[in-house]
> 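I'd like to ask you about the structure that follows.
We name chains A, B, ... by the order of the sequence lines, and we start the count at 1 in each one. These numbers come from a predicted model, not from an experiment.
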Number of protein chains: 2
Amino acid sequence: MYKPATIKDIALALHLSPSTVSRALRDGYEISEETKKLVVAYAEKVNYRSNPIALSLKNRRSYSIGIVVPKLANSFFSQAIAGIESIAYERGYHTIITQTHDSAERERINVNHLAQRSVDGLLISMSAETSDFSFLKSLHDDGLPIVFFDRIIDEIDTFKVTSDNFKGAYNAVESLIKAGKKKIALLANAPHLSITNERLAGYMKALADNHIHFKPELIRNCNKGGNDYQEVEDAVKDLLNAADKPDAIFVSSDRISISCVRALKNLNFDPKEIAIAGFANSDVVDLLYPSLSYVKQKSFEMGQIAVEMLLKLIESKYPITEFETRVLDTELHLQQPPLNLPR
Amino acid sequence: MYKPATIKDIALALHLSPSTVSRALRDGYEISEETKKLVVAYAEKVNYRSNPIALSLKNRRSYSIGIVVPKLANSFFSQAIAGIESIAYERGYHTIITQTHDSAERERINVNHLAQRSVDGLLISMSAETSDFSFLKSLHDDGLPIVFFDRIIDEIDTFKVTSDNFKGAYNAVESLIKAGKKKIALLANAPHLSITNERLAGYMKALADNHIHFKPELIRNCNKGGNDYQEVEDAVKDLLNAADKPDAIFVSSDRISISCVRALKNLNFDPKEIAIAGFANSDVVDLLYPSLSYVKQKSFEMGQIAVEMLLKLIESKYPITEFETRVLDTELHLQQPPLNLPR
DNA sequence: AGTGAAATCGGTAACGTTTGCATTGAATTT
DNA sequence: AAATTCAATGCAAACGTTACCGATTTCACT
């Protein structure tokens with residue numbers, strides 16, 4: 001059985017008390033240089049490592065932060081996590097990553113598990129399914145530092161980072177209009193997500209500013225957030241079989257954008273006839289066919305900002321009451337000119 | 001400050017001792033039904049959750065397993081993790097996911113951190129950069145259960161799961177030959193990875209079986225494992241600018257396959273002239289252009305099998321000395337017939 | 001010589017939980 | 001009635017660490 005050396009072992013071997021050893025290892029001022037050297041040397045020899053579990057129990061601090069995202073396979077989130085880690089490691093924190101697969105129940109379980117593992121704080125992007133935030137609210141009320149990113153919620157007052165979803169959507173839809181599209185459908189995520197509504201607003205404003213009448217019948221919500229391909233294909237089929245067939249689709253969600261591309265391919269639609277623009281952070285969007293214009297979020301930066309906010313909360317001596325919601329720009333990548341395809 | 005209810009709190013409130021409360025909650029036979037009901041009811045009321053940290057300290061068990069992979073953004077790994085979680089949660093274990101970004105140092109840090117957090121076991125797929133396995137070996141010798149998956153190593157004797165990389169490569173290369181390709185280049189990952197060599201062997205055997213002379217000058221290794229796009233583009237450019245230009249490329253690594261597709265696009269090669277076949281687990285491979293034949297690994301299943309092996313190790317009463325290496329089949333998806341592209 | 005301040009170290013409790021052992025009281029047996 | 005059994009509960013130690021409070025020694029200064 002794996003049994004690492006403890007402070008007690010060292011104390012016993014060196015005929016010292018555990019407290020002296022502890023202080024020597026932490027370079028306490030009250031310990032003589034001589035003893036320190038002795039202890040440090042012996043600790044080195046037996047490869048002593050302080051036991052983080054014992055420390056967590058004692059200090060109620062773990063120097064680790066919990067991350068909760070819907071899906072790791074979603075590039076946006078894995079990029080954001082990379083951003084989080086880049087800062088966290090630098091500051092001496094470890095990360096514990098969990099995914100919810102957009103299930104409200106799994107989210108609750110994961111969050112509670114993290115809280116009890118005494119993570120020092122939580123970074124969370126909400127699952128599409130969650131509508132009851134009370135479990136988070138009570139943890140937050142109890143003093144657990146939480147920062148929301150991307151899929152933020154209004155119900156809890158704390159630091160938040162998200163993208164300028166309104167503008168991102170506006171610009172994408174505008175680009176479609178400028179390309180001559182007149183009937184632009186909207187394929188959206190679950191309607192109670194913050195990002196869904198902001199992007200919907202951007203879509204509507206772009207239409208209005210360009211004097212295009214808004215038609216509710218051109219909107220489809222995919223409540224499973226693109227986790228279920230069939231749902232997306234059905235929506236696309238439904239839209240494109242309508243009498244008043246749209247000439248473009250704006251997709252307001254990362255995963256759904258991909259599914260929409262696949263649907264157009266599977267349904268054999270001519271890419272010339274129906275343009276796509278959508279949010280997408282996959283690192284291969286530019287290689288997809290049919291190709292699309294895409295709105296890319298600054299996922300890595302968002303992760304960095306989120307974790308910095310969280311560390312501010314964690315390390316602050318005094319309770320913080322003034323919170324900020326950072327909104328990041330998005331990047332619009334226009335659909336590439338028609339491929340130079342082989343005949 | 002966040003402070004959940006403890007057994008002591010309950011004991012105090014109910015004028016009982018902590019031990020009685022503990023036994024009541026675990027349904028100990030020595031406690032009267034009456035008391036049990038009382039305790040359980042009160043625990044429910046104050047939302048008592050046992051403190052996993054204290055339990056870990058006491059039992060030297062954490063009911064959590066550590067996962068170490070090179071990169072979450074790599075679909076293969078996020079799929080494998082989903083497989084791991086599906087079983088782990090069912091069996092009452094939690095997962096702690098970390099990524100190494102193919103850095104040997106980060107790998108060592110993460111592994112040691114997990115070991116000290118007293119995970120009950122480790123699931124690891126090695127970083128491309130690692131050549132010194134001593135840190136793993138010593139942990140394993142000390143009794144930490146470890147299971148390797150996908151990128152396995154010979155140096156440590158334990159359970160392992162990987163794909164039939166030989167056959168996967170063989171079939172892919174064979175399919176290229178059947179499609180009439182004669183000069184097939186190989187774009188490979190770092191040469192000291194287990195999977196690299198197995199796939200190389202499959203490539204060579206397929207050539208030999210089809211009486212194609214093996215030419216070492218058609219091989220390029222990307223030591224950064226596709227994390228550096230430029231490295232791949234350079235290799236592709238180099239290959240295709242040769243006098244004896246290949247008519248196909250077999251890519252023996254997931255990320256590099258994607259980079260290769262991108263390189264062909266950026267370098268403006270005619271997909272008709274140069275075919276690609278490669279390992280790839282991205283969920284959008286089928287939508288890429290230029291398109292390719294791809295070998296898909298059973299990532300989800302691999303994760304499931306790996307975690308089952310690990311749990312066997314963890315929960316076994318007696319030390320296990322007979323180890324198995326499972327080898328999973330791969331699926332070959334042939335390049336789709338030429339797209340019905342718009343003129 | 002006496003006082004006291006450093007310097008250096010040890011003892012103990014505490015974090016939350018479990019567990020072997022001791023204790024209590026009541027019920028049962030002889 | 002005394003002895004024995006049994007059910008129900010409490011006590012204390014332990015997991016590894018640190019913080020507080022003392023204890024001891026040395027040494028300088030009056």
> Could you check how far CG of B:Asp27 sits from C1' of C:dT17, rounded to whole Å?
17 Å
> Rounded off to whole Å, could you give me the CD1-to-P distance for the B:Ile10 and C:dT18 pair?
11 Å
> For A:Arg61 and C:dC15, what is the distance between atoms CZ and P respectively, to the nearest whole Å?
19 Å
> Tell me whether the OP1 or OP2 atom of D:dC15 has a side-chain N or O from A:Lys8 closer than 4.0 Å.
yes
> Go through the structure and list residues passing side chain to side chain contact (heavy atoms under 4.5 Å, CB included) with A:Ser131, not counting sequence neighbours.
none
> Is atom CD of B:Glu155 surrounded by more than 12 heavy atoms (other residues, nucleotides or ligands) closer than 6.0 Å?
yes
> Would you mind reading off the distance between B:Leu12 atom CG and D:dG10 atom P, rounded to a whole angstrom?
12 Å
> Please confirm whether the backbone N or O of B:Ser134 pairs with a side-chain atom of B:Asp132, one donor and one acceptor, at under 3.5 Å?
yes
> Kindly say if B:Arg60 contacts the phosphate of D:dG16, meaning a side-chain N or O under 4.0 Å from OP1 or OP2.
yes
> Kindly calculate the angle separating the two end axes of the helix from C:dA1-D:dT30 to C:dT30-D:dA1, each obtained from five base pairs, and round it to 10 degrees.
70°
> At less than 4.0 Å, is any side-chain N or O atom of B:Ser22 found next to OP1 or OP2 of C:dT18? Yes or no.
yes
> Looking for any heavy atom pair under 4.0 Å, which part of the strands does B:Ser56 touch: base, sugar-phosphate only, or nothing?
nothing
> Which whole-number value in Å describes the distance from B:Arg26 CZ to C:dT19 C1'?
11 Å
> Could you state the atom-to-atom distance from CD1 of B:Ile7 to P of D:dC11 in whole Å?
15 Å
> Under 6.0 Å from the ring centre and within 45 degrees of the ring axis: does the NZ or CZ of A:Arg61 meet both conditions for the six-membered ring of A:Tyr63?
yes
> Got a salt bridge between A:Arg60 and A:Asp120, using NZ or NE/NH1/NH2 to carboxylate O under 4.0 Å?
no
> Just how far is it from atom CG of A:Asn74 to atom NE2 of A:His101, taken to the nearest 0.5 Å?
12.0 Å
> Rounded to whole angstroms, how far apart are CG on B:Leu57 and P on C:dC15?
14 Å
> Treat primed atoms plus P, OP1 and OP2 as sugar-phosphate and everything else as base, then score nucleotides 6-13 of chain C 5' to 3': B for base contact with protein heavy atoms under 4.0 Å, S for sugar-phosphate contact only, - for none.
--BBBB--
> Give a yes-or-no answer on whether the side chains of A:Ser103 and A:Thr100 include a donor-acceptor pair shorter than 3.5 Å.
no
> Indicate yes or no: at least one non-hydrogen side-chain atom of A:Glu129 is less than 4.5 angstrom from one of A:Lys224.
no
> Please state how far atom CG in B:Leu14 lies from atom P in D:dT9, giving the value in whole angstrom units.
11 Å
> Using a strict 4.0 Å threshold on nitrogen-to-oxygen distance, state whether A:Arg91 and A:Glu308 make a salt bridge.
no
